[in-house]
Colleague: 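So that we are looking at the same thing, I have put the structure below in C-alpha cells.
For ligands, and for the atoms within them, numbers begin at 1 and follow the listed sequence. If you read the sequence from its start, that first residue is 1, and numbering goes on from there.
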Amino acid sequence: MSHSLPVLVHTPAHSQVAGPLTYLSEQVLPAGTLVRVPLGQRELLGVVWDAPADAAPDHLDPEKLRPIAGRLDGIAPLTPAWRQLVSFAANYYQRSAGEVALAALPPQLRDLNTLQLARRLKRHANAAGADLPERSIAIYSVALTVEQTGAIAQFNQQPGPFLLFGATGSGKTEVYLHSVQQLLASDPSAQAIVMVPEINLTPQLEARFMARFNPLYGDNAVVSLHSGMTPAQRLKSWLAAHGGGARIVLGTRMAVFASLPNLKLIIVDEEHDPSYKQQEGARYSARDLAVYRGRLEGAKVLLGSATPSLESWHHSRPASQGGRYVRLEMPSRIGANAALPLVRRVDMNHQPKKCVISPPLLDAIVQRVARGEQSMVFLNRRGYAPVLHCADCDWKSECPHCSAYRVFHKIDRTLRCHHCGFTERVPRACPACGNPDIAPLGRGTERLEEHLAELLAGVRRPNSVSELWPEGEPVRIARIDADSTKLKGELESQLARVHSGEVDVLVGTQMIAKGHDFRRITLVAAVNPDNALFSSDFRAPERLFSLLMQAAGRAGRDADISGQSEMWVQTFHPKHPLFEALKRHDYPAFAAEQLKEREQAAMPPFSFQALVRAEARTQEVAQGFLTAASAAASTLPDAEHLLVHITLYPAVPMSMQRVANVERAQMLVESPSRAALQRFLTAWQAVLHATRQQPEGKGLMRWAVDVDPLAI
Ligand code: ADP
Ligand code: ZN
Ligand code: ZN
C-alpha cells in the first residue's frame, strides 16, 4: 500500500502554494528526508515536511496523486529543529516555507541528478572515514586578559543570549575562539556556527580558526559557507556539517541555516553589520534568526561588536529594566600602551573654500610619510565624480532609465549608472547644447586618489634615493573600492600590498574601513562624512557612527605605534553630538542619545515595522496597488481586532524611485507590538494576493514584504 507524504518543494514566491504538496510513497519516509519529486514536466528536490499519513488528505483525489521519484540516499533526514527554523523564518518574513527551505540547502542538491549526487556522496563518505591520528586535546593556552577572563566567566555562568560589547582590538576574536574551544573540549559531538558579515572577512577568521582547531580536531573540523565558494565546495561543507563531522561552520549570513545535528553555540561577529539582512527573496535577518535558533535548539548565542546595533544594545540593558540579553563588556584595547586613536575634527568652515583635503590633514599625512607610516583616507563614493555637468545649459548626466545620475569614471572615460549598469562613453560635448566644456561635479574615490597624488607630488619617501629614483621615490598611493576589486583575487592582492608596506596612502570606500587588521596604519581620515547627519533615513547616524568607530579601529592596531595614531574627521558640524561622542569613543553616550530620539519618535526598537514594496511601469500603478491593498485591509474578517495597534501609512515613491525603467513605491506598516504586526501581516497576505487579481493589480510587476526593514 502507498503512504501519502507532505513534501515541500520550491514553488514560486507568489504562487500561493505556501505549504507542502502531497505525494505517494511505497516506503514510510520520516519527516526531514530529502526526496526528488515530479512537478509538471520537471523533477525537483523536496523535503518531506511532516510525518506520512496512511490516507491522502480528504480534499485531494487519491487518483491524481503522483509518486515521489526517489529519495536521496545517504543523507540523514533534516532535524525537526531545522524544519522548525525554516517554518518560523517563512512565517515571520512572509514567504513560503518551500522557498526558504530550498534556498537554505546547497544548490548542488537541487541541480545534480541522482547519479551524480550518489557519486559525490560516496566520495565525501570515503574522505570523512579516514582515520584521525590520536591527538591530545589540551586547551590551547593564551593568557587571557582580565577583561576576557571576566567575559568568559559570565558567559559560562548564564544562558544568554550575550552581547559582547568590546572595543576594536579588545580581543573579541580570542573570546570567540576560547568559547568554541571549551565547548568542543567538553562535548565530543558539539558543533558551532561562527558568522561574519562579509566574504572578504572570512579568510582572516578562517585562518585563525583553522590554525587553532585543525591541529586538535583534524582538517575537516572547520568548514566555510559563503557565496564566494563553488557549488561543489558548498555541498562538501554542508554535508560535513550535516553529518556531524565538521565541528565549526564559519560563514556569512547563509550559515544561520546550516544543518548541524549537535548545534551548541552560535557566534555572530560584528552583529551590527547591515549585511546580516538578506536583501532579496526572504529578507531575513541572520542575526535575529541566530537568536531564535539558539533558543529553539538550546544553543548559546554570542553577538559581538564595538558598535552594537541599537536593537541589540537596547535588548542588553539591565534585566531590571526589561533587558533580555546579557551584556559582556571589554572596554580596553590589548597591549601595554594600546590607546584608542585620538579623534581630531577639522572644522571645514575655517578651511580654504572648496578644499577637499584640508591643509592640517595634508600636513599630518605628509608627516606619516616622513616617518614611514601609512595613512588611510576614505570617502563613501566610488568613481571619479558623481555627476557630469554643463555650466551653460545645466545639463546633468542623468540615467535615462533611473532616477539617478550616471557616475563619471575617468579611467575608462565612461558614464555609468550604479543602479542599472547602463554605461556609455563620455560625450565630447554637452549632448543638450554642444558646449565642449562639460565638467565633473563633486568627487569620488578615483578623483580623490588623483587629487592626493597632485598634493603629494613634491613629497619624497625617506631614504629612497636610488638609481631609479635619484631624487627619492614619490609617495605610493593605492585605491581600494568596488571598481578596483572587480576581478577575483584583486582585493586580496591589493590588501597584501598594504600589509607588506608597499603603500603609503590608501584611498577607498567603506570597504577598507571594516575589519581588516592593518598594522602600520597610524592615520585614518574621513574626508566628507556629513551627508549622513541629515539623511532622511533614521538609521543613517547609527551607520555613520559605527563606520567611523570601525575605521578608527583600523588605526594603531600595532601596540608599539598606537601612541601616535589618529582618526581625522573633516566636517562642517564639528560640534554635532555624534562627533562629540566619537571624540570620546563613547558608544554608550551616542546610543543613549539616539535611543532617546527613537523613543520620542516611536521608531525601532520602540516600534516594529514592515515595508510593502511594489513595482510597475508607472508610479500610479505601483502606488494604486498598495493603496487598494491598504483599503481592503478593513474588509478582513476580524479586521477591527487585527487593526487595533496597526498604522498603515500612505503609499509613497521609494527614495530610489525608478531603476531600469521600473517605478517603485512602498508603504510602511508600523506597530508598537511585534505580535500585533505579525498577526496583521499574516492575515493581510491573502488581501495582497487578492488585490493583485483586481483591476488595481493590473500592470503590477511584483510586490514583496520586508519585515524589520533596514532602509526605509
Ligand atoms: P577584536 O576582535 O576585539 O578587534 P582581536 O581578537 O583581533 O580583537 O585582538 C586584537 C589583538 O590582540 C590580536 O592581535 C590578538 O592576537 C591579540 N590578543 C587577543 N587576546 C590576547 C591575549 N589574551 N593576549 C595577548 N594578545 C591577545
Ligand atoms: Zn549644455
Ligand atoms: Zn540607471
Side-chain angles (χ1 to χ4, degrees), residues 139-152 164-181 194 196-197 201 204-205 207-209 211-212 267-271 302-308 328-336 338 340 387-407 414-424 427-439 441 514-519 549-560 562 656-664:
I139 289 260
Y140 175 98
S141 56
V142 207
L144 296 179
T145 64
V146 174
E147 288 178 3
Q148 286 170 331
T149 309
I152 302 246
L164 176 59
F165 171 51
T168 47
S170 63
K172 290 186 292 298
T173 313
E174 191 54 50
V175 171
Y176 304 151
L177 286 160
H178 193 92
S179 59
V180 172
Q181 192 169 343
V194 181
V196 286
L201 295 181
Q204 294 185 22
L205 201 65
R208 272 175 91 171
F209 270 78
R212 183 72 60 94
I267 291 171
V268 185
D269 187 24
E270 309 290 3
E271 66 88 32
L302 176 59
L303 314 176
S305 175
T307 53
L328 312 173
E329 304 201 27
M330 301 203 303
S332 321
R333 272 190 159 185
I334 293 201
L340 285 161
V387 194
L388 211 53
H389 177 237
C390 167
D392 276 4
C393 76
D394 213 26
W395 172 86
K396 286 184 179 138
S397 55
E398 269 163 12
C399 175
H401 310 296
C402 305
S403 45
Y405 293 115
R406 280 175 297 162
V407 175
T414 55
L415 287 177
R416 271 188 246 161
C417 175
H418 287 185
H419 300 276
C420 73
F422 180 65
T423 303
E424 276 183 338
R428 286 183 191 286
C430 171
C433 75
N435 171 18
D437 205 13
I438 43 180
L441 272 190
K514 285 191 194 175
H516 303 291
D517 198 354
F518 298 124
R519 309 253 75 157
M549 284 280 277
Q550 295 288 334
R554 298 310 111 217
R557 301 207 27 123
D558 207 331
D560 293 343
S562 66
M656 260 306 292
Q657 172 173 344
R658 188 165 53 104
V659 172
N661 294 322
V662 174
E663 289 285 338
R664 311 169 347 141

Colleague: So, does G169 sit close enough to ligand 1 that a heavy atom of it is under 4.0 Å from the ligand?
Modeller: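 G169 counts as a contact of ligand 1 under the 4.0 Å cut-off.
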
Colleague: Under 4.0 Å from a heavy atom of T145: which atoms of ligand 1 are those, numbered in the order shown and with their elements?
Modeller: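 So the atoms of ligand 1 that pass are 23 (N).
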
Colleague: Taking only residues two or more places apart in sequence or in another chain, which ones pass side-chain hydrogen bond (donor to acceptor under 3.5 Å, both in side chains) with S403?
Modeller: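 side-chain hydrogen bond (donor to acceptor under 3.5 Å, both in side chains) list for S403, sorted by chain: empty.
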
Colleague: If you count the atoms of ligand 1 from 1 in the order shown, which ones are under 4.0 Å from a heavy atom of E174?
Modeller: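 That gives atoms 6 (O), 19 (C), 20 (N) of ligand 1.
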
Colleague: Using every non-hydrogen atom in the two residues, find where R333 and A552 come nearest and quote the distance to one decimal.
Modeller: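 For R333 versus A552, the nearest heavy atoms are NH2-O, 4.1 Å.
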
Colleague: Do you know the tightest heavy-atom contact between S179 and L302?
Modeller: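 The pair with the smallest heavy-atom distance is OG-CD2, 4.2 Å.
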
Colleague: Verify side chain to side chain contact (heavy atoms under 4.5 Å, CB included) between F422 and L415, making sure each step is shown before the conclusion.
Modeller: CA-CA 8 Å; F422 180 65; L415 287 177; over 6 Å; no

Colleague: Would you call A167 a ligand 1 contact, heavy-atom distance under 4.0 Å?
Modeller: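 Heavy atoms of A167 do come under 4.0 Å of ligand 1.
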
Colleague: Of all the heavy-atom pairs spanning P308 and E271, show the shortest one and how long it is.
Modeller: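 For P308 and E271, the tightest heavy-atom pair comes out as CA-OE2, 3.1 Å.
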
Colleague: Counting only heavy atoms, tell me which of T168, D269, I334 gets closest to atom 18 (N) of ligand 1.
Modeller: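 The nearest heavy atom belongs to I334.
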
Colleague: Near the Zn ion (ligand 2), which protein N/O/S atoms fall under 2.8 Å?
Modeller: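 Only C390 SG, C393 SG, C430 SG, C433 SG fall inside 2.8 Å of the Zn ion (ligand 2).
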
Colleague: Rounded to 10°, how big is the angle at the Zn ion (ligand 3) from C420 SG to C402 SG?
Modeller: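 The angle at the Zn ion (ligand 3) comes to 110°, rounded to the nearest 10°.
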
Colleague: Compare every heavy atom of A306 with every heavy atom of T168, then report the nearest pair and how far apart it is.
Modeller: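 What the structure gives for the nearest pair is N-CB, 3.8 Å.
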
Colleague: How many degrees, to 10°, between C417 SG and C399 SG as seen from the Zn ion (ligand 3)?
Modeller: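 SG of C417, the Zn ion (ligand 3) and SG of C399 span an angle of about 110°.
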
Colleague: Under 3.5 Å, is there a donor-acceptor pair linking the side chains of S170 and E147?
Modeller: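 Judged by distance alone, the side chains do not pair up.
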
Colleague: Are M330 and V175 close enough that some pair of their side-chain heavy atoms sits under 4.5 Å apart?
Modeller: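 Yes - at least one pair of side-chain heavy atoms lies under 4.5 Å apart.
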
Colleague: If you take all heavy atoms of M656 and R664, which pair is closest and at what distance?
Modeller: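 Shortest heavy-atom separation between M656 and R664 comes out as O-NE, 2.9 Å.
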
Colleague: Classify the contact between A143 and ligand 1 as side chain, backbone, both or neither, using a heavy-atom distance cut-off of under 4.0 Å.
Modeller: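 Backbone only.
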
Colleague: Looking only at heavy atoms, what is the nearest atom pair of K172 and A167, with distance?
Modeller: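 Taking K172 first and A167 second, the nearest heavy atoms are NZ-O, 3.0 Å.
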
Colleague: Just to be sure I'm reading this right: ignoring hydrogens, which of R208, K172, M330, E147 gets closest to atom 16 (O) of ligand 1? Compare them by their nearest heavy atoms.
Modeller: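 Minimum heavy-atom distance to atom 16 (O) of ligand 1 goes to R208.
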
